[in-house]
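In what follows, chains carry the letters A, B, and so on, assigned in the order in which the sequence lines appear, proteins first and then strands, with residues in each chain numbered from 1.
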There are 2 protein chains.
Amino acid sequence: MAQRRTPTIKDVAASAGVGIATVSRVFSGGSVSAATRERVLAAARDLDYRPSALGRGLKLRRSGGIGLIVPDVTDPFCAELIAGVLACARTLGEHVIVDAAHGDPSREAEIVERLVEQRVDGVIAQPAGTEADWRAAARVCSSVVFAGRALPGLPQIPAVLADDAGGVRSLTEYLAGLGHRRIGFLGAAPGSPSRVREDAFRATLAQLGVPVEEDLVVAARPVGDAAYAAAAGLLQRRDDVTAVLAAGHLLGEAAVLVARELDLRVPADVSIAMVDDVAWAELCDPPLTAVARPARDIGYRACEMLLREPARRGRGGPVLLATELVVRGSCGPLRTARR
Amino acid sequence: MAQRRTPTIKDVAASAGVGIATVSRVFSGGSVSAATRERVLAAARDLDYRPSALGRGLKLRRSGGIGLIVPDVTDPFCAELIAGVLACARTLGEHVIVDAAHGDPSREAEIVERLVEQRVDGVIAQPAGTEADWRAAARVCSSVVFAGRALPGLPQIPAVLADDAGGVRSLTEYLAGLGHRRIGFLGAAPGSPSRVREDAFRATLAQLGVPVEEDLVVAARPVGDAAYAAAAGLLQRRDDVTAVLAAGHLLGEAAVLVARELDLRVPADVSIAMVDDVAWAELCDPPLTAVARPARDIGYRACEMLLREPARRGRGGPVLLATELVVRGSCGPLRTARR
DNA sequence: ATGAAAGCGCTAACAC
DNA sequence: GTGTTAGCGCTTTCAT
């Protein structure tokens with residue numbers, strides 16, 4: 001059984017004794033008589049015919065797929081976001097080209113370039129690059145939607161985000177409500193364009209009449225060792241810290257590890273809470289109080305916005321999706337200095 | 001500034017005063033004089049020209065991308081596998097269309113269909129469907145490689161797998177070496193075609209002269225509640241079980257949760273170990289002993305095999321990648337019955 | 001080294 | 001309802 005050439009619309013037409021236009025109509029939903037349709041379908045089945053998205057795409061000047069750029073597919077938040085995008089794309093009949101930029105703007109730019117060459121119908125990104133990078137990218141992309149993170153300087157690019165400020169506020173209020181005053185804040189790196197988390201922390205504290213000690217607000221690149229170092233530095237430098245608010249799961253992980261290393265009991269000696277309700281939050285001991293960001297919804301909405309609401313693009317600022325405070329056992333009432 | 005039509009090779013050719021063949025050569029690495037190349041490049045830059053992968057793909061009858069089908073992108077193992085595939089694909093200049101089948105064979109078949117229409121250069125899959133499904137899929141796909149899971153009945157489809165048998169063996173030997181004799185085994189559902197984990201467990205025990213009690217070998221669908229129910233059933237039914245070997249991270253999670261619920265101390269009352277060294281294994285208390293599967297390498301190798309070694313396809317059975325036993329604090333020496 | 005021309009497989013007028 | 005035809009943007013002989 002020799003491997004024949006992949007059958008084309010022409011083969012099907014010939015085999016069914018009709019014109020190619022009729023075959024096209026059968027597969028793209030034109031009007032065809034039932035009898036003819038049957039004949040065509042039979043011939044197609046017979047030949048193992050699959051319409052070529054390449055041919056169709058060339059004609060239509062679009063591929064029927066979208067691009068999705070995230071920092072890292074193994075990050076739980078990104079993974080959920082991807083799942084949301086896939087779910088929505090599926091309902092709309094689009095495929096998704098996924099790639100990871102790993103925080104490297106030039107790599108991200110390459111990915112965008114590639115997606116443009118693929119003539120994707122649009123791209124969803126949790127951006128790593130600068131505003132200039134994305135200003136350029138937006139010019140060349142048919143359309144872009146930011147998801148999970150946005151660039152404040154580009155309000156014309158629609159975005160779907162978690163209400164991070166609200167999340168941090170509720171976390172801060174929760175800790176303050178337990179009596180904590182010296183709360184350490186583990187935030188993202190200084191270069192980070194979206195300091196909304198840190199800002200919300202400061203604002204909430206101020207609002208509560210709690211003075212913000214600069215010494216307690218530390219920034220770290222959200223990478224294993226950097227985060228660990230930052231957490232260790234904070235907890236060792238200030239043994240009067242009674243609670244730590246980690247602005248991300250990697251930072252939270254670092255806090256848990258450092259507390260364990262320093263033999264601090266949680267929450268007796270120090271309370272820990274974080275942004276991102278990842279799987280291990282429930283598994284660790286004690287289970288960690290966290291603010292859940294609706295990652296999957298963010299992905300889903302972003303995809304919907306990209307594909308269904310091209311009109312609405314960018315109107316009225318970013319879409320903010322509510323976070324949810326999940327209280328577990330890692331935070332307790334203020335007792336006394338830990339030593 | 002009106003939004004002009006996307007420039008084509010023809011526009012560039014005209015603007016540079018050359019033929020379209022020359023432009024094509026410039027972008028696909030043909031031989032062109034330095035001066036001409038410069039002119040073309042300048043014109044292209046000028047027009048914001050990007051070669052259309054659709055046009056090229058149609059001509060070449062391939063899209064330059066591959067398909068990747070996993071059960072669930074949010075599963076840590078799958079996510080790592082995806083990362084591996086992306087890393088390799090990137091080095092080979094291919095893009096990756098990712099989709100999740102969620103264990104549904106018909107959905108998986110749809111995805112395959114779609115990928116074929118896209119004329120992907122090949123597909124990598126952690127298969128959910130039956131052997132019949134994939135026999136059919138393989139006929140219509142240019143090429144397929146299984147990753148992380150394979151179908152024993154289709155040895156002609158190359159596969160890259162973790163050495164699961166070896167992993168379970170080392171875990172079993174480790175527990176037995178600690179003195180445990182009544183080891184509960186939490187395995188995957190009965191329908192599972194690859195019972196290698198359970199088989200390895202039984203074989204190792206037999207080899208060690210430890211009788212296998214059927215009552216201690218339970219199967220559960222690896223889904224939250226089913227896994228929990230199975231673990232709870234096991235631990236409640238047999239309070240003489242001194243160790244649990246979970247054949248996957250969801251099963252392990254269930255074991256940890258149940259132990260906590262039943263107020264069993266780990267490892268004093270019961271030792272717990274599992275397959276899959278996911279992030280939370282290190283974070284939970286006590287940290288969990290686990291066997292790490294090289295998910296990323298599996299993805300990378302699978303991609304490499306798909307794209308670089310089309311010759312070697314399926315020769316010599318599946319490629320087995322070594323697992324690694326990561327000993328942490330969740331397993332202790334046998335002491336006494338727990339109550 | 002470069003250009004002209006023939007498709008790659010498909011859709012969308014347009015005729016009938 | 002159905003067939004004919006003209007491209008969609010590209011690569012690739014084949015001349016020059």
Side-chain angles (χ1 to χ4, degrees), chain A residues 4-41 43-44 47-65 93 114-121 140 142, chain B residues 4-41 43-44 47-65 93 114-121 140 142:
Chain A
R4 304 249 310 260
R5 189 175 52 67
T6 309
T8 77
I9 197 173
K10 222 183 256 178
D11 301 316
V12 178
S15 162
V18 301
I20 61 169
T22 300
V23 178
S24 173
R25 286 188 194 102
V26 168
F27 283 94
S28 344
S31 74
V32 184
S33 82
T36 313
R37 153 166 282 121
E38 242 357 282
R39 285 229 312 293
V40 170
L41 252 20
L47 296 171
D48 263 353
Y49 168 73
R50 260 89 182 170
S52 162
L54 259 19
R56 168 185 299 141
L58 180 58
K59 181 68 195 177
L60 267 28
R61 314 163 100 166
R62 37 183 298 260
S63 65
R114 165 122 212 168
L115 293 175
V116 173
E117 293 191 0
Q118 294 298 320
R119 299 298 189 260
V120 292
D121 301 348
V140 64
S142 40
Chain B
R4 304 253 309 262
R5 189 176 52 68
T6 310
T8 77
I9 197 172
K10 222 184 258 180
D11 301 316
V12 178
S15 162
V18 300
I20 61 170
T22 301
V23 178
S24 173
R25 286 186 194 106
V26 168
F27 283 95
S28 344
S31 74
V32 184
S33 81
T36 313
R37 153 166 282 123
E38 243 356 284
R39 284 229 312 294
V40 171
L41 253 20
L47 296 171
D48 262 350
Y49 167 74
R50 262 85 180 171
S52 162
L54 259 18
R56 167 185 299 142
L58 180 58
K59 183 68 194 177
L60 266 28
R61 315 162 96 158
R62 35 183 300 260
S63 65
R114 165 123 213 167
L115 293 175
V116 173
E117 293 191 1
Q118 294 299 319
R119 299 295 189 263
V120 292
D121 300 347
V140 63
S142 40

Which heavy atom of [X] sits nearest to which heavy atom of [Y], and what is that distance?
X      : Y     : value
B/L54  : A/G57 : CD2-O, 3.6 Å
B/D121 : B/S63 : OD1-N, 3.6 Å
A/R5   : B/R61 : CD-NH2, 3.2 Å
B/R39  : B/A16 : NH2-O, 3.0 Å

Sugar-phosphate only, base, or nothing, as touched by A/G29 at under 4.0 Å among non-hydrogen atoms: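 A/G29: no heavy atom of the nucleic acid under 4.0 Å.
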Matching residue for A/V12 among A/T22, A/V18, A/V23 - test: side chain to side chain contact (heavy atoms under 4.5 Å, CB included):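 Going through A/T22, A/V18, A/V23 one by one, the side chain to side chain contact (heavy atoms under 4.5 Å, CB included) with A/V12 is satisfied by A/V23 alone.
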Contact check, side chains of A/F27 and A/L41, non-hydrogen atoms, under 4.5 Å: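 Counting from C-beta outward, A/F27 and A/L41 do come under 4.5 Å.
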Gap separating the OG atom of B/S24 from the NZ atom of B/K59, nearest 0.5 angstrom: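 Taking OG in B/S24 and NZ in B/K59, the distance rounds to 10.0 Å.
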Atom pair CZ/CG of A/R119 and A/L58 - distance to nearest 0.5 Å: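 Here the rounded value is 10.0 Å.
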Nucleic acid footprint by protein, nucleotides 8-16 of chain D - heavy-atom cut-off 4.0 Å, B for base, S for sugar-phosphate alone: BBBBBB---
Start and end of chain B contact along DNA chain C [non-hydrogen atoms, under 4.0 Å]: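 It runs C/dA1 to C/dG9.
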